[in-house]
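Before any comments, here is the structure.
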2 protein chains.
Amino acid sequence: MTNELVVIGESSALIERLSGKRPLFVLTIGTTDTAKIPGISAAGRSPELCDFTPAADAEYIVLERCLSIDGVPVTPDGIPTPALITRAAVKLARIPVLVVNAGARFRPKLPHVELGGGPGGDIRTGRAVAGARELFEAGKLIGEQTSAIADYLVLAESVPGGTTTALGVLMAMGFDAEGRVSSSMSYNPHELKVAVVEEGMRRAGISRGSLRADPLKAVEVLGDPTIPVIAGILTSSCRNVPVLLAGGTQMTAVLAVAGDHIRPHVENVAIATTRWIVEDRGSDIFGLLRQVMPEVPLVYPRLSFKGARYEGLRAYEDGVVKEGVGAGGAVVSCLLRSSSLSLSDVVTEVERQYERLTEAVGHERASL
Amino acid sequence: MTNELVVIGESSALIERLSGKRPLFVLTIGTTDTAKIPGISAAGRSPELCDFTPAADAEYIVLERCLSIDGVPVTPDGIPTPALITRAAVKLARIPVLVVNAGARFRPKLPHVELGGGPGGDIRTGRAVAGARELFEAGKLIGEQTSAIADYLVLAESVPGGTTTALGVLMAMGFDAEGRVSSSMSYNPHELKVAVVEEGMRRAGISRGSLRADPLKAVEVLGDPTIPVIAGILTSSCRNVPVLLAGGTQMTAVLAVAGDHIRPHVENVAIATTRWIVEDRGSDIFGLLRQVMPEVPLVYPRLSFKGARYEGLRAYEDGVVKEGVGAGGAVVSCLLRSSSLSLSDVVTEVERQYERLTEAVGHERASL
């Protein structure tokens, strides 16, 4: 295996088995009105624009351009979506992409799988996801079909506000998750997130840990539409093939929801994320993983933008964005696909895309 | 290669190459109001019920039960949909299924790919498919992604009225197709079909052959939504992998629309159909293929329901239904998947399903 990957956990054998294999990258998208609470998410130039980010991310990783917005999704400071990294990885390694709409306010303008789910509600209302059980079952159907054709699956998400909904699900299930979920901002507003979750709990009349035995109820009350869908895909597919959960702390909520369904096949499951998540002092993915499913290993690429040519990429090293759109897992599966691909290829391709996006309007950040 | 398959054409090498390989079965569904013209289609108990047939077929081949209707789609005489054959084949060989909604009045109640297309219009109006070019492009995107993951593709359709729309596209392109397209009925209403097409041509101000150089315009005027989508999937995928067009005479219209786009890769393309189409005296798939793309071989399984235990299956031998939902191609790919699978396995499995469907209400045809 390439020394550009780091595997943490007792069983690194899974990652070695993926070398040279053909993955399918499944991006599940959704929105939650939770992202519109000021200060919660930086996955859009403004809270309102967060609603377009998942559709635009999906378009970008398939088409290398967005149809639903001008330019690409950016943080309020103009730092571009990690979809650039994902696009670079799936393009270099020719990894096929399937887009699944779990429930996004705006649909991507390209072929995608529809499940009939609607956008998620503000979790402060205690009514976050209608039909979480149906979304979980639909996810299982997707997992059955995709795991019959791919050597392994890479399951990614794009859902602004997703760390707060993950926190909600984890707290409702009784995990000690406060202060441990990640953030798309360099300053992680943990107190705001906890206050949002607690307001939703109060409204729904539940308490910490009271939904330990009913994770899909926890999703209905405090989650977002992507969590049950990804948990469903994971549940049915990991019986057949290895599965990389491509994301940060949100993926521990997916593991918690899949729970006992996947324990017999847990040797087929890993989290694939970024170095920015692993090294983040404002969150604690290992602390979450240790509580939720400690036998699941974690893999990340040694990708760095320290020497990147553009300030908008170097900003990733300051802890902005960190992960999303399965960026870490996409790079992992790119490196595993072919020994002739390296991290410098990924960085060069991301820079090329960044350059094209900024040149389109003649100014480094103006188009982003 | 199994002697249960018959290959007709100069290049049978393609079929031999598929032995043991892993296909993806892609069912593209749509509706056209053309099916509601009395006497045009038997793909539903009544012309109105034809609108539910594609969604129900999709549900059946994935779930082995329909969610959109009670029982399964049947002809006015109660003969069941060929989806039973397709289901048996994909189940026995564990072939993954992707459902694509090109434009159906009712969506299937399971995860499926949405393209944003609407149901097709009655071709007598000369306005059959809005956005045929967009549907073709969306199909190309699907073909790019699916051909990166599957060893080969099996492209099927479910669209009641589809032989009439195929006739429309072929006539608008100047092919001598009159009397050559198939029918879901044992009596093939060729005169009605031609009259319907001619009325559409008059309304649209076109004449036979006037759209030879503009096949997507022919689809807009006289086609149905599945034709441009399947032609698009075919166009991009056959550059990468072999493609079986799983259907009867309709697939010659798909070939005509794909046309020059696929000629450089035509060695990767075959039609896979049923014996009931090949032996049908009321249609002429070879006469169509000879005009449209003579280098494309045709393969079919020696599947027979002569000795089937149920009258509703034996009726297939009288020329009812004949093909649909990619039944012929599904059986072809089932037999190619594993040398341990045989036609008797397929017949036994279809009989088992038929039995279960009829037992559900205690009467042979009542539940169908």
Side-chain angles (χ1 to χ4, degrees), chain A residues 21-28 55 58-59 61-63 67 90-91 93-102 104 106-117 131 134-154 229 232-233 236-237 240-241 337, chain B residues 21-28 55 58-59 61-64 67 90-91 93-102 104 106-117 134-154 229 232-233 236-237 240-241 337:
Chain A
K21 293 295 199 310
R22 295 198 302 186
L24 174 65
F25 187 91
V26 183
L27 175 67
T28 300
E59 292 157 3
I61 68 168
V62 174
L63 305 171
L67 304 175
V90 301
K91 181 184 187 180
R94 299 181 188 219
I95 295 169
V97 173
L98 180 69
V99 175
V100 177
N101 179 18
F106 299 102
R107 293 179 173 178
K109 296 180 176 172
L110 48 66
H112 64 275
V113 175
E114 271 297 324
L115 307 180
E134 289 76 8
L135 289 173
F136 180 73
E137 292 301 322
K140 280 168 65 181
L141 279 174
I142 296 172
E144 283 167 19
Q145 303 298 329
T146 51
S147 64
I149 190 76
D151 290 337
Y152 71 99
L153 298 184
V154 184
V229 171
I233 301 174
S236 59
S237 61
N240 303 325
V241 295
R337 184 74 189 90
Chain B
K21 293 295 198 307
R22 296 198 303 186
L24 174 67
F25 187 91
V26 183
L27 175 66
T28 301
E59 291 157 2
I61 67 168
V62 173
L63 305 171
E64 203 168 306
L67 304 176
V90 301
K91 182 183 186 179
R94 298 179 190 221
I95 295 169
V97 173
L98 180 70
V99 175
V100 177
N101 179 19
F106 299 102
R107 293 179 173 179
K109 295 178 177 174
L110 48 66
H112 64 276
V113 175
E114 272 296 325
L115 307 180
E134 288 77 8
L135 289 173
F136 179 74
E137 292 300 323
K140 280 168 65 181
L141 278 175
I142 295 172
E144 283 168 20
Q145 303 298 329
T146 52
S147 64
I149 190 76
D151 289 338
Y152 70 100
L153 298 183
V154 185
V229 171
I233 301 174
S236 59
S237 61
N240 303 325
V241 295
R337 185 74 188 88

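Letters A, B, ... mirror the listed sequences (proteins, then strands); counts begin at 1.
- With rounding to the nearest 0.5 Å, the separation of CD1 in A/I95 from CZ in A/R22 is 12.0 Å.
- Per-residue counts of heavy-atom pairs under 4.5 Å with chain A were compared for B/L24, B/V97, B/I142; the largest is that of B/V97.
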Practice problem: Could you walk me through whether B/K140 and B/E137 pass the side chain to side chain contact (heavy atoms under 4.5 Å, CB included) test, one step at a time? | Solution: CA-CA 5 Å; B/K140 280 168 65 181; B/E137 292 300 323; 3.5 Å; yes
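- Contacts of A/L141 with chain B are made by side-chain atoms alone, with heavy-atom separations under 4.5 Å and no backbone atom involved.
- With contacts defined as side-chain heavy-atom distances shorter than 4.5 Å, the pair B/E64/B/E59 does not qualify.
- Between chain B and the options A/P23, A/P111, A/A138, heavy-atom pairs under 4.5 Å are most frequent for A/P111.
- Proximity to chain B (any heavy atom under 4.5 Å) is shown, for A/N101, by neither the backbone nor the side chain.
- Here B/D151 does not pair with B/R337 in a salt bridge; the nearest charged N to carboxylate O distance is not below 4.0 Å.
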